[in-house]
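The chains referred to below are lettered A, B, ... by the order of the sequence lines, with proteins before strands, and numbering in each begins at 1.
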Number of protein chains: 2
Amino acid sequence: MPPTRSKPEKPPDQSKVADAARVKATIREVAHRAGVSTATVSRALNRPEKVRAETRERVLQAVRETHFVFDGIAASMISRRSRTIGLIIPTITNSIYAASTQSIQHTAQAAGYTVLLGVSEFSPRLEADLAQRLLERRVDGLILTGGNHDQSLIEKMRTNGVPFLITWKLMRGKDWPSVSFDNYKAAWSAVEFLVSLGHRRLGLVCGRTDVNDRALDRRQAFEDCLERHGLAVDPVLIYERDFEMEEGASAMSAMLDTPEPPTAVFCANDIQAIGALSQCRERGLSVPGDISIIGFDDLPVTSYTRPKLTTVRVPAHDMGRRAAEIMIASIERQIPLQSVELQTELIARETTAPPRFRR
Amino acid sequence: MPPTRSKPEKPPDQSKVADAARVKATIREVAHRAGVSTATVSRALNRPEKVRAETRERVLQAVRETHFVFDGIAASMISRRSRTIGLIIPTITNSIYAASTQSIQHTAQAAGYTVLLGVSEFSPRLEADLAQRLLERRVDGLILTGGNHDQSLIEKMRTNGVPFLITWKLMRGKDWPSVSFDNYKAAWSAVEFLVSLGHRRLGLVCGRTDVNDRALDRRQAFEDCLERHGLAVDPVLIYERDFEMEEGASAMSAMLDTPEPPTAVFCANDIQAIGALSQCRERGLSVPGDISIIGFDDLPVTSYTRPKLTTVRVPAHDMGRRAAEIMIASIERQIPLQSVELQTELIARETTAPPRFRR
DNA sequence: TCTAAAAATGTAAACGTTTGCATTTTTGTT
DNA sequence: AACAAAAATGCAAACGTTTACATTTTTAGA
């Protein structure tokens, strides 16, 4: 029988070899080199205990030799799991979101997950588009910020059967699981603190409540707490602004130009508080002598303002870590998503004191 | 012939239908409903101009009716493109990295890309692991921070043929493309500024140069600039610390406890500068009367310290945007990655002045 | 040594798109 | 009306894994 092999198994594709430094190896080549089937390679890689030590070693050797790079996309395709978590936050620039993001990322990373990041810029519309894209990439879970979302987003998550978790806002009424502190309660404690110092005329600077339900909670607490103490809620002392120090400064400025300025101001976030504080000092006002200021978040920098800022410490890191942990537990062990309420703490530093003149 | 159909085509899987609100539709069902082939659906979705308007409309209608969610994983599988960019930064908590990250994210988002985020915590080892995971997820490109990387990482990127870009550090010597300002030059300008004010004894606080080549550049510039002016480089006035305000404060404290304290200090990042500034004021020293301080980065908060911090403005946003743009252009139009040098600017504010006593 | 059970491995069918090529339909020119 | 060219659509083969299920090998007990 003459040696006629009309169809050689695998013609070495010269062109391709020339292009890339090395042709990317697939599991198939690894299998061939190790003298096993692809199934065994897959097992050696994913569930090492399922293959004999000797075989495993042979496979690993082949992996090294071929410079094999696992294809997670192909794996996700069939296993229906991407080991990926979507995270949507309103902004990274505010370092308080950076803190929780860092923790989520850290926890996910440690568990072998990578996070897909989206920034919604406080727009539910943009958020929905973003989420759509994350869903298309088949994230195993989605971590959102706040409770203000486009209806279509919620539907899409349900359709895709993707679990989601809310951070930065406690979802009591709805059946959405959330990992957060209580914005209302925390803000209340801040206002209560000012009132307990003897302040009777209070001002508020907060985020835009139309796009930020955390700001809304905090404003609500401010108003309710004043009412509870029989104090006036003067609209001229309430400012909704963007998260910029400059905005805090200008809000404070407006307040001070008011016929009857407040003796204390609650800034519902530290960014604005820093601006407000700066504005007071710019005008030569003594803080807390002439006016008290309390912030919210406890950014690291608040220990370094002069005077040091009284504020409400928010468990940003814990929140991120817990959220990621709960999400991953849900993904891996089908543990239903559980809500968690975290606690805040009022950090009394140097920008608060009783008002100079008691009525 | 009796009607015996032993194998009905698609037995409705009751259990699944019960589980999920709706069974997820595939392109196949959309195609069937629209009365076209899957190829046409794919085209209608990806290259609308390639299908007749009428057909397109029919497909889109079917998409809506079936609540079809595109499977980007399956698409990536075959198209070899993931529309995904990997980004690895040392930390998010330092808001200067948050700024460039935000811009990268924003630009990518606008171009239809999703960013996969990794945080290396200044460890090349961890970074390599992280990158491996991103590569496994088949990112179309990788944006890294600085030039200090594990050899295995570089190899892997080459093996996978994934383009990468360095930010925050100009890669002159190596052939790696980078989008950055020149750390050395920028730091030099800061030190030069202090010297030009008349300072002769200078201190330095910077990041850990063993894990951070940006800090190394800046330190090098500090030392070289002093030497150039014939000034002493006193090791007792050089502090390498982590990026914490507290670290800046303690470094400054140590410097002030020195027999011959400096009249000016260059803090190679604003975080440490804020701590240093705070420490001076804590001790009742006048800044810039007794001591000058210059920072680096121009974080927003530096306009709100008292006195306002003199610093070097760094084009974090531009850098992020340009990096993302260049990466995407490279991915989509095979434009080779080009390096870009951005400029910095010295922002003279209130923490710098000539030394009180000239020699 | 034999045998049953357990462990290891192999076979092959998915997974849901994209895309080269073939075929059909439409358009435009004469 | 006929025809060529262009546009639209369809066919079917990938892409690189995972995973039931089947088969083979090993282990252990008698």
Side-chain angles (χ1 to χ4, degrees), chain A residues 10 13 16 23-59 62-63 66-84 133 135-138 140 159-161, chain B residues 10 13 16 23-59 62-63 66-84 133 135-138 140 159-161:
Chain A
K10 285 194 179 180
D13 187 340
K16 255 194 171 175
V23 174
K24 239 169 84 181
T26 74
I27 209 179
R28 216 164 242 107
E29 294 154 53
V30 173
H32 181 250
R33 194 177 200 104
V36 298
S37 70
T38 60
T40 300
V41 175
S42 174
R43 280 187 284 253
L45 261 24
N46 299 317
R47 270 186 298 271
E49 78 283 358
K50 285 280 175 191
V51 356
R52 214 175 352 168
E54 184 210 335
T55 315
R56 184 166 59 234
E57 196 38 61
R58 225 159 1 111
V59 170
V63 163
T66 55
H67 293 97
F68 169 71
V69 178
F70 185 80
D71 188 329
I73 295 278
S76 298
M77 171 96 196
I78 165 97
S79 73
R80 333 270 348 171
R81 304 228 354 249
S82 64
R83 295 189 78 78
T84 261
R133 216 176 292 156
L135 258 17
E136 288 184 356
R137 297 230 67 77
R138 292 221 303 237
D140 291 336
T159 313
N160 289 46
Chain B
K10 284 194 178 179
D13 187 339
K16 254 194 173 175
V23 174
K24 237 169 84 180
T26 75
I27 209 179
R28 218 165 241 104
E29 294 155 52
V30 174
H32 181 251
R33 195 178 200 102
V36 298
S37 71
T38 60
T40 300
V41 174
S42 174
R43 280 186 285 251
L45 260 25
N46 298 317
R47 269 186 299 270
E49 78 283 359
K50 285 278 176 194
V51 357
R52 211 172 359 162
E54 186 210 334
T55 315
R56 185 166 58 234
E57 195 36 62
R58 224 155 7 109
V59 170
V63 164
T66 55
H67 294 97
F68 169 71
V69 179
F70 185 80
D71 189 329
I73 296 278
S76 298
M77 171 96 196
I78 166 92
S79 72
R80 332 272 344 172
R81 305 226 358 248
S82 64
R83 293 189 79 75
T84 261
R133 217 175 292 156
L135 258 18
E136 288 184 356
R137 296 231 68 77
R138 292 223 302 239
D140 291 336
T159 312
N160 289 46

Q: Which part of the nucleic acid does B/Ala75 contact within heavy-atom distance under 4.0 Å: base, sugar-phosphate only, or nothing?
A: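 Sugar-phosphate, no base atom in range.
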Q: Students often get this wrong, so: under 4.0 angstrom with heavy atoms, is B/Ser76 touching a base, only sugar-phosphate, or nothing?
A: nothing
Q: Roughly how many Å is it from CZ in B/Phe70 to C1' in C/dG16, rounded to a whole number?
A: 9 Å
Q: Between B/Thr40 and A/Val51, just flag the one whose closest nucleotide in DNA chain C comes earlier from the 5' side.
A: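 Looking at DNA chain C, the more 5' nearest nucleotide goes with A/Val51.
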Q: Where each residue is assigned the nucleotide of DNA chain D containing its nearest heavy atom, which of B/Met77 and B/Ser37 is assigned the position nearer the 5′ end?
A: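 Nearest nucleotide further toward 5': that of B/Ser37.
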Q: If you assign B/Val41 and A/Ser79 each to the DNA chain D nucleotide with the nearest heavy atom, which residue ends up on the more 5' nucleotide?
A: B/Val41
Q: As a test of reading the structure: which of C/dG10, C/dA14, C/dA8 is closest to the side chain of A/Thr55, going by heavy atoms?
A: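 Shortest atom-to-atom distance from the side chain points to C/dA8.
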Q: Would one find a side-chain N or O of B/Thr38 under 4.0 angstrom from OP1 or OP2 of C/dT17?
A: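 Answer no for this pair, as no side-chain N or O of B/Thr38 is under 4.0 Å from OP1 or OP2.
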Q: Whole Å only: how far is the CZ atom of A/Arg138 from the C1' atom of C/dG16?
A: 8 Å
Q: What integer distance in Å separates B/Asn46:CG from C/dT19:C1'?
A: 11 Å
Q: Round to the nearest Å and state the distance from B/Arg28 atom CZ to D/dG10 atom P.
A: 14 Å
Q: Would you mind reading off the distance between B/Lys50 atom NZ and C/dT26 atom P, rounded to a whole angstrom?
A: 18 Å
Q: Roughly how many Å is it from CZ in A/Arg58 to P in C/dA8, rounded to a whole number?
A: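 Atom-to-atom, A/Arg58 to C/dA8, this comes out as 14 Å.
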Q: Measure the CD-NZ distance between B/Glu29 and B/Lys24 for me, rounded to the nearest 0.5 Å.
A: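 Separation between the atoms: 11.5 Å.
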Q: Using whole Å, what does the distance between atom P of nucleotide D/dA12 and atom CD1 of B/Ile27 come to?
A: 17 Å
Q: A/Arg52 has an atom CZ; how far is it from atom C1' of D/dT26, in whole Å?
A: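 Answer to the nearest Å: 8 Å.
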Q: Between CD of A/Glu136 and CZ of B/Arg83, what distance do you get to the nearest 0.5 Å?
A: 10.0 Å
Q: Kindly say whether, by distance alone, the side chain of B/Arg43 makes a donor-acceptor pair under 3.5 Å with the base of D/dG10?
A: yes
Q: Looking only at side-chain N and O atoms, does A/Arg80 come under 4.0 Å of OP1 or OP2 in D/dT18?
A: no
Q: Apply side chain to side chain contact (heavy atoms under 4.5 Å, CB included) to the pair A/Asp140 and A/Arg80, showing each step before the final yes or no.
A: CA-CA 9 Å; A/Asp140 291 336; A/Arg80 333 270 348 171; over 6 Å; no
Q: Do B/Leu45 and B/Val30 pass the side chain to side chain contact (heavy atoms under 4.5 Å, CB included) test, and can you show the C-alpha distance, the side-chain angles, and the key distance before you say yes or no?
A: CA-CA 11 Å; B/Leu45 260 25; B/Val30 174; over 6 Å; no
Q: Using a 4.0 Å heavy-atom cut-off, does B/Arg47 contact any base of the nucleic acid, only the sugar-phosphate backbone, or nothing at all?
A: sugar-phosphate
Q: With side chains defined as the heavy atoms from C-beta onward, is the minimum distance between B/Thr66 and B/Arg33 less than 4.5 Å?
A: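 In contact.
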